[in-house]
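Right, I'll just put the structure down here and ask away after.
Worth saying up front: this structure is predicted, and the values here are computed from it rather than measured.
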Amino acid sequence: FIWKTLTRSRLHRLMLQVCAGLALAWMIGSGDLGSAGAVPVVLVPLAVSVFLIAGLRYLFSLPSELRANWIFQTAENEGRLSWLRAVDRCVVGCGLIPVYACTTPAAIAVFGWWQALRVTVLGFFLALLVFEFLFRDWCKAPFTCSYLPGKRQLWQVFVSAFGALSYLGTAVLVVHAFAAGWVAFAAAFPLLYGVWRWMRKSRTESWPETSLVYDELPEPAVSSLNIA
């Protein structure tokens with residue numbers, strides 16, 4: 001369903017091409033990518049993953065055939081968990097895994113087999129942390145919720161993504177340092193894995209009780225104090 005909507009809807013296909021174009025433009029325009037050093041091999045998949053996650057989150061928020069979302073509303077109790085898991089599988093399986101699979105040969109050429117394995121694993125789990133952070137409050141079935149244009153524009157999404165890129169230099173240096181040997185890797189990976197597991201558990205444990213959102217509403221002018 002997600003893949004067919006992304007490929008058949010003109011709006012979603014256009015937005016997907018914009019996301020891919022911005023990621024490609026950033027890759028071409030980055031000054032470090034012309035070098036043959038280790039930094040581009042670590043930086044490129046992580047940066048592309050940030051664009052990809054932010055772009056897919058925005059695309060999932062755009063409705064397609066909104067009047068037909070009653071089908072999802074009537075089947076929500078039975079399908080909620082499957083739909084939310086499908087979002088995870090789509091972003092990770094159709095996005096992050098292919099990105100790192102395509103860049104692994106370059107990592108092997110630069111680092112060698114074992115260090116390339118360590119770099120790829122650390123970079124991939126760092127991308128998973130970005131995914132967990134950006135989808136921490138996601139409670140929709142893709143393409144089924146009304147969209148409030150003034151609440152979140154596409155340019156705001158990518159400004160946030162570009163802001164995140166400013167921290168990637170430090171992340172790249174950390175990944176490269178901890179992937180240099182098995183001792184450093186053994187110290188860093190359990191911590192990275194533990195943080196990812198904690199973030200994922202915090203996000204998914206509320207799924208059975210959380211109702212999906214089908215109508216996006218503006219923030220109230222006056223916030224209530226929720227006093228009983």
Which side-chain hydrogen bond (donor to acceptor under 3.5 Å, both in side chains) pairs, counting each pair once, include a residue from residues 105-132, with sequence neighbours left out?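 Counting only pairs at least two positions apart or across chains, the side-chain hydrogen bond (donor to acceptor under 3.5 Å, both in side chains) contacts touching residues 105-132 are E132-R203.
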Please list every donor-acceptor pair under 3.5 Å in which a side-chain atom of residues 184-198 meets a protein atom from a residue at least two apart or in another chain.
none

Is it possible for you to say whether F125 and L173 belong to one hydrophobic cluster, with membership spreading through side-chain heavy-atom contacts below 4.5 Å?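 Cluster IDs for F125 and L173 differ.
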Could you please spell out the steps behind the side chain to side chain contact (heavy atoms under 4.5 Å, CB included) verdict for I53 and F135? CA-CA 9 Å; I53 295 167; F135 278 80; 3.8 Å; yes
Minimum heavy-atom distance between A171 and L126, given as atom pair plus value: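 Looking at all heavy atoms of both residues, the closest pair is CB-CD2, 3.7 Å.
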Quick one: closest heavy-atom pair of V119 and A179, and the distance?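 Where V119 meets A179 most closely, the heavy atoms are CG2-CB, 3.4 Å.
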Are more than 12 heavy atoms, taken from residues, nucleotides or ligands other than F178, located less than 6.0 Å from that residue's CZ atom?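 At most 12 heavy atoms, drawn from other residues, nucleotides or ligands, come within 6.0 Å of this atom.
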Is there a side-chain contact between F124 and S49, using heavy atoms and a 4.5 Å cut-off?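 Answer no - side chains too far apart.
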When rounded to the nearest 0.5 angstrom, what distance separates OG1 in T210 from CZ in R80?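 The OG1 atom of T210 sits 7.5 Å away from the CZ atom of R80.
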Between R200 and L128, is there a donor-acceptor pair closer than 3.5 Å when you use the side chain of the first and the backbone of the second?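 The answer is no, because no donor-acceptor pair under 3.5 Å joins these two groups.
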Side-chain donor-acceptor distances from residues 103-112 under 3.5 Å, at least two apart:
unit_1, atom_1, unit_2, atom_2, d
T103, OG1, V99, O, 3.2
T103, OG1, Y100, O, 3.3
T104, OG1, Y100, O, 2.5

Once you round to the nearest 0.5 Å, how far does CG of L56 lie from OG of S61?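 That separation rounds to 10.5 Å.
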Shortest non-hydrogen contact from D137 to R57?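 Taking every non-hydrogen atom into account, OD1-NH2, 2.9 Å.
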Heavy-atom pair of closest approach, residues S202 and S206: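 Smallest heavy-atom distance, with atoms named: O-OG, 4.5 Å.
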Evaluate the side chain to side chain contact (heavy atoms under 4.5 Å, CB included) criterion for residues W207 and C139: first the C-alpha distance (whole Å), next the side-chain angles of each, then the deciding distance (0.1 Å), finally the verdict. CA-CA 8 Å; W207 282 357; C139 53; over 6 Å; no
Mind running side chain to side chain contact (heavy atoms under 4.5 Å, CB included) on F133 and M199 for me, showing each step along the way? CA-CA 8 Å; F133 177 76; M199 293 180 67; 4.0 Å; yes
